[in-house]
Novice: 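The structure is given below, and queries will be raised subsequently.
In this chain, residues are counted from 1 in sequence order.
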Amino acid sequence: QVQLVESGGGLVQAGGSLRLSCAASGTGFSINAMGWYRQVPGKQRELVATITSGGSTNYADSVKGRFTISADNAKNTVYLQMNSLKHEDTAVYYCNADLYILYSSRLNYWGQGTQVTVSS
């Protein structure tokens with residue numbers, strides 16, 4: 001019914017930049033909030049940044065001042081601009097959407113994940 005499609009991951013050198021995109025497609029839903037999470041092997045998935053439909057943002061302390069989350073509500077798309085990347089930012093980044101599905105329950109959807117690798 002709803003799909004989140006991520007793009008923009010890749011391999012960059014420390015200090016470089018990447019921009020991730022996540023587009024929600026489908027019908028019969030409305031967005032409460034969207035966000036980015038990341039996970040490395042052997043560790044729990046952690047919050048990176050979130051943004052509500054009203055534009056309120058929240059960031060993990062580790063990325064404040066370096067990452068910026070934004071959204072294009074008309075396109076149902078969220079972006080993560082990642083600057084001054086560090087080796088410790090290496091992870092699989094997952095897009096998440098908190099959605100209301102028409103005539104259904106409030107649900108969370110996850111993107112497929114995109115690998116971000118920052119070389120030393």
Side-chain angles (χ1 to χ4, degrees):
Q1 187 79 355
V2 180
Q3 292 185 345
L4 303 180
V5 180
E6 302 178 30
S7 62
L11 173 65
V12 297
Q13 294 184 348
S17 297
L18 285 173
R19 189 176 77 153
L20 307 182
S21 299
C22 176
S25 63
T27 59
F29 68 89
S30 62
I31 299 173
N32 300 310
M34 296 184 73
W36 292 94
Y37 296 73
R38 65 187 181 187
Q39 189 169 27
V40 299
K43 302 285 287 186
Q44 295 280 83
R45 189 172 298 183
E46 65 176 359
L47 181 147
V48 176
T50 60
I51 185 167
T52 69
S53 60
S56 179
T57 59
N58 184 51
Y59 295 92
D61 288 341
S62 59
V63 307
K64 284 182 179 178
R66 300 188 298 119
F67 292 8
T68 302
I69 189 169
S70 62
D72 185 336
N73 291 331
K75 296 181 179 180
N76 291 327
T77 299
V78 66
Y79 305 93
L80 186 68
Q81 180 66 47
M82 309 164 67
N83 298 327
S84 301
L85 282 162
K86 305 174 181 179
H87 178 68
E88 49 263 45
D89 295 317
T90 296
V92 177
Y93 284 70
Y94 295 92
C95 177
N96 175 265
D98 177 21
L99 307 177
Y100 278 106
I101 309 300
L102 188 63
Y103 306 126
S104 186
S105 299
R106 183 175 176 176
L107 298 174
N108 275 284
Y109 282 80
W110 291 95
Q112 79 278 11
T114 185
Q115 177 70 48
V116 171
T117 302
V118 184
S119 62
S120 301

Novice: Rounded to the nearest 0.5 Å, how far apart are CD of Glu46 and OG of Ser62?
Specialist: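 So the gap between those two atoms works out to 5.5 Å.
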Novice: Once rounded to the nearest 0.5 Å, what's the spacing between atom CH2 of Trp36 and atom CD of Glu6?
Specialist: 4.5 Å
Novice: Does the side chain to side chain contact (heavy atoms under 4.5 Å, CB included) test come out yes or no for Gln115 and Thr90, once each step is laid out?
Specialist: CA-CA 8 Å; Gln115 177 70 48; Thr90 296; 4.0 Å; yes
Novice: Any chance you could measure Leu11, atom CG, to Thr117, atom OG1, to the nearest 0.5 Å?
Specialist: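 Atom-to-atom, Leu11:CG and Thr117:OG1 are 6.0 Å apart.
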Novice: Do you reckon Leu107 sits in the same ILVMFWY cluster as Val2, going by side-chain contacts under 4.5 Å, direct or chained?
Specialist: yes
Novice: Please find the pair of heavy atoms, one from Cys22 and one from Met34, that lie closest to each other, and give the distance.
Specialist: SG-CE, 4.0 Å
Novice: Can you find a heavy atom in the side chain of Asp89 that is under 4.5 Å from one in the side chain of Arg38?
Specialist: yes
Novice: Can we say Lys64 and Asp61 salt-bridge, meaning some charged N sits less than 4.0 Å from an Asp/Glu carboxylate O?
Specialist: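 Salt bridge: yes.
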Novice: Residues sharing Tyr37's hydrophobic cluster, by side-chain heavy-atom contacts under 4.5 Å among ILVMFWY, directly or via others?
Specialist: Leu47, Val92, Tyr94, Trp110
Novice: Would you give me the side-chain donor-acceptor pairs under 3.5 Å for residues 73-82, sequence neighbours excluded?
Specialist:
from	atom 1	to	atom 2	distance (Å)
Thr77	OG1	Lys75	O	2.9
Gln81	NE2	Asn83	OD1	3.0

Novice: When Ile69 is tested against each of Thr57, Leu20, Val48 for side-chain contact (heavy atoms from CB on, under 4.5 Å), which residue passes?
Specialist: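 Among Thr57, Leu20, Val48, the one meeting side-chain contact (heavy atoms from CB on, under 4.5 Å) with Ile69 is Thr57.
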Novice: Kindly indicate whether the side chain of Arg66, heavy atoms from C-beta on, has any atom under 4.5 Å from the side chain of Tyr59.
Specialist: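 No, their side chains stay 4.5 Å or more apart.
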Novice: Can you name the nearest heavy-atom pair linking His87 to Ser120, along with the distance?
Specialist: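 Looks like ND1-OG, 3.5 Å.
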Novice: Give a yes or no on whether Gln39 atom CD has more than 12 heavy-atom contacts from other residues, nucleotides or ligands under 6.0 Å away.
Specialist: yes
Novice: Within a 6.0 Å radius of atom CD on Gln3, are there more than 12 heavy atoms belonging to other residues, nucleotides or ligands?
Specialist: no
Novice: Would you name the heavy atoms of Leu4 and Gln112 that are closest together and state the gap between them?
Specialist: O-OE1, 3.4 Å
Novice: How many angstroms lie between CD1 in Ile31 and CG in Leu99, if you round to the nearest 0.5 Å?
Specialist: 6.0 Å
Novice: Would you check if the side chain of Gln13 reaches a backbone N or O of Ser119 as a donor-acceptor pair within less than 3.5 Å?
Specialist: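 Judged by distance alone, no pair lies under 3.5 Å.
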Novice: Please identify each residue that fulfils side-chain contact (heavy atoms from CB on, under 4.5 Å) with Val12, with sequence neighbours left out.
Specialist: Leu18, Leu85, Val118
Novice: What heavy-atom pair brings Ser84 and Ser17 nearest, and what distance separates the two atoms?
Specialist: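 Taking every non-hydrogen atom into account, N-OG, 4.3 Å.
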Novice: Just how far is it from atom OG1 of Thr114 to atom OH of Tyr93, taken to the nearest 0.5 Å?
Specialist: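 Here the rounded value is 10.5 Å.
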